[in-house]
Amino acid sequence: MTRKVIALLLALVLVFALTACGQKADKPADSGEAASGGDLIKVGIINLDPSESGYRQANVKDLNDTFTKENGYDATFVTAPTADKQLEAAKGFITSGMKYILVSAAETTGWDEVLSEAKEAGIKVFLFDRMIECDPSLYTAAVVSDMRQEGETAVAWLESLGLDEYKILHIQGQLGSAAQIGRSDPLTEKCEATDNWTIVREGTGGDSWDPNEARKIAEAAIDAGEDFNIVYAENDGMADGVVQALDAKGITHGVNGDVIIMGFDCNKWALEKLLSGEWNYDGQCSPFQAGAIDKMIKTLESGASIEGLNELNQIISEEKGFDATKITQEDIDKYGLG
């Protein structure tokens with residue numbers, strides 16, 4: 001082989017090598033890598049059905065917008081409205097080697113075993129929206145509302161009205177959930193301790209906090225001739241279901257009406273009903289926990305420790321209640337969901 005041919009071949013090899021190097025440098029980051037070039041953080045997120053309420057829709061969107069590949073995460077989202085489905089999903093996440101598990105619990109009990117398994121596997125668990133009854137050492141942190149405080153704020157507002165009689169139609173949420181327990185217990189305790197406070201009828205909207213179930217409970221109470229002057233519904237959708245039953249029977253409600261209407265969650269449409277005087281009270285419940293959890297995970301990933309948690313490893317959202325006689329359009333624009 002002549003020297004010219006050898007030189008030509010060497011030149012061609014060099015060209016191919018440079019081309020290959022150029023292709024590798026220009027290749028987009030693999031879907032399993034963060035924009036910074038590092039590995040994505042594997043996160044499993046267990047949440048309730050977004051159709052449950054406007055609150056849940058906002059909560060799901062907040063999580064979806066935060067735990068993205070662009071933000072450094074390989075996130076798997078599971079919708080599980082019941083405790084058994086959630087526990088099954090959590091066990092699956094442990095088996096698949098998630099680094100973090102986030103959960104909004106359908107029920108407050110029954111989590112000890114699976115949380116212990118996660119801890120043994122080195123997986124850190126974050127609670128959001130709802131607490132679980134267990135040793136705080138079994139989860140890393142909880143970003144939650146104080147559901148009992150929500151109930152206490154609502155009951156205190158009712159008490160401030162100074163009514164001669166409190167005859168209450170109580171529409172509960174998903175029985176056993178932190179939201180239901182927190183919003184129910186202060187009302188139940190007040191009624192048990194005070195002679196002129198009575199729960200006329202009590203029922204639940206079920207696992208989905210169903211407005212239609214709430215409407216049926218109200219219809220049954222009306223048809224049975226049960227006299228009530230307060231509707232204490234544990235979310236906005238169920239309050240609206242009761243209002244539909246009242247409207248169908250020609251029963252007035254809201255400011256200057258015969259029946260006081262109370263809801264929770266502060267959907268924008270519900271706060272607008274306060275502003276128009278159709279409802280009387282709405283309790284705030286913030287759905288935005290993803291940002292705080294993201295910051296805590298990034299803190300752990302940097303090798304630092306999380307600060308600012310209370311004795312139960314919680315960060316508590318600050319919330320308030322809104323009165324129809326005091327609410328403004330500015331409040332609706334600032335706090336309304338949806």
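Hydrogens, waters and symmetry mates play no part in the numbers below; they use all other heavy atoms, side chains included.
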(request) Dump the intermediate steps for side chain to side chain donor-acceptor pair (under 3.5 Å) on N47 and N59, then the final yes or no. (result) CA-CA 9 Å; N47 208 342; N59 180 253; 2.8 Å; yes
(message) Please say yes or no: joined through hydrophobic side-chain contacts below 4.5 Å, possibly via intermediate residues, are I46 and L102 part of one cluster?
(response) no
(message) For a salt bridge (charged side-chain N to carboxylate O under 4.0 Å, His left out) check, start with the C-alpha distance between R183 and E234, then their side-chain angles and the critical distance, and finish with the verdict.
(response) CA-CA 7 Å; R183 294 170 187 175; E234 293 180 2; over 6 Å; no
(message) Using side-chain heavy atoms (C-beta onward) and a distance below 4.5 Å, is F93 in contact with I123?
(response) no
(message) So that I can tick it off, tell me whether K268 and E272 are bridged by a salt bridge, with the cut-off set at under 4.0 angstrom between side-chain N and carboxylate O.
(response) no
(message) I'd like to know if K216 pairs up with E213 as an ion pair, taking the criterion as any Lys NZ or Arg NE/NH1/NH2 lying under 4.0 Å from an Asp or Glu carboxylate oxygen.
(response) yes
(request) Say whether I199 and I171 are linked into one hydrophobic cluster, either directly or through other cluster members, by side-chain heavy-atom distances under 4.5 angstrom. (result) no
(message) Regarding R56 and D265, does a basic nitrogen lie under 4.0 Å from an acidic carboxylate oxygen?
(response) no
(request) Examine I293 and Y139 and state if one hydrophobic cluster contains both, with Ile, Leu, Val, Met, Phe, Trp and Tyr joined whenever side-chain heavy atoms are less than 4.5 Å apart. (result) no
(message) Would a single hydrophobic cluster contain both L163 and V155, if residues Ile, Leu, Val, Met, Phe, Trp and Tyr are joined by side-chain heavy-atom contacts under 4.5 Å?
(response) yes
(message) Counting neighbours of CG on N256 that are heavy atoms of other residues, nucleotides or ligands and sit closer than 6.0 Å, is the number greater than 12?
(response) no
(message) Testing the 3.5 Å rule here: is there a donor-acceptor pair between the side chains of T188 and D185?
(response) no
(request) For atom CD of E226, decide whether the heavy atoms of other residues, nucleotides or ligands shown that lie under 6.0 angstrom number more than 12. (result) yes
(request) Hey, could you give me the NZ/CD1 distance between K298 and I41, rounded to the nearest 0.5 Å? (result) 6.0 Å
(request) For D323 and T325, test the side chains for any donor-to-acceptor distance below 3.5 angstrom and give the result as yes or no. (result) yes
(message) Between S317 and E319, do the side chains contain a donor N or O and an acceptor N or O under 3.5 Å apart?
(response) no
(request) Please tell me if the side chains of F77 and N64 come closer than 4.5 Å, counting only heavy atoms from C-beta onward. (result) yes
(message) Strictly below 4.0 Å, N to O, side chains only: are K334 and E330 in salt-bridge contact?
(response) no
(message) Quick check on the hydrophobic clustering: are I217 and I261 connected, directly or via other members, by side-chain heavy-atom contacts under 4.5 Å?
(response) yes
(message) Would you compute the distance between atom CG of L300 and atom CD1 of I306 and round it to the nearest 0.5 angstrom?
(response) 4.0 Å
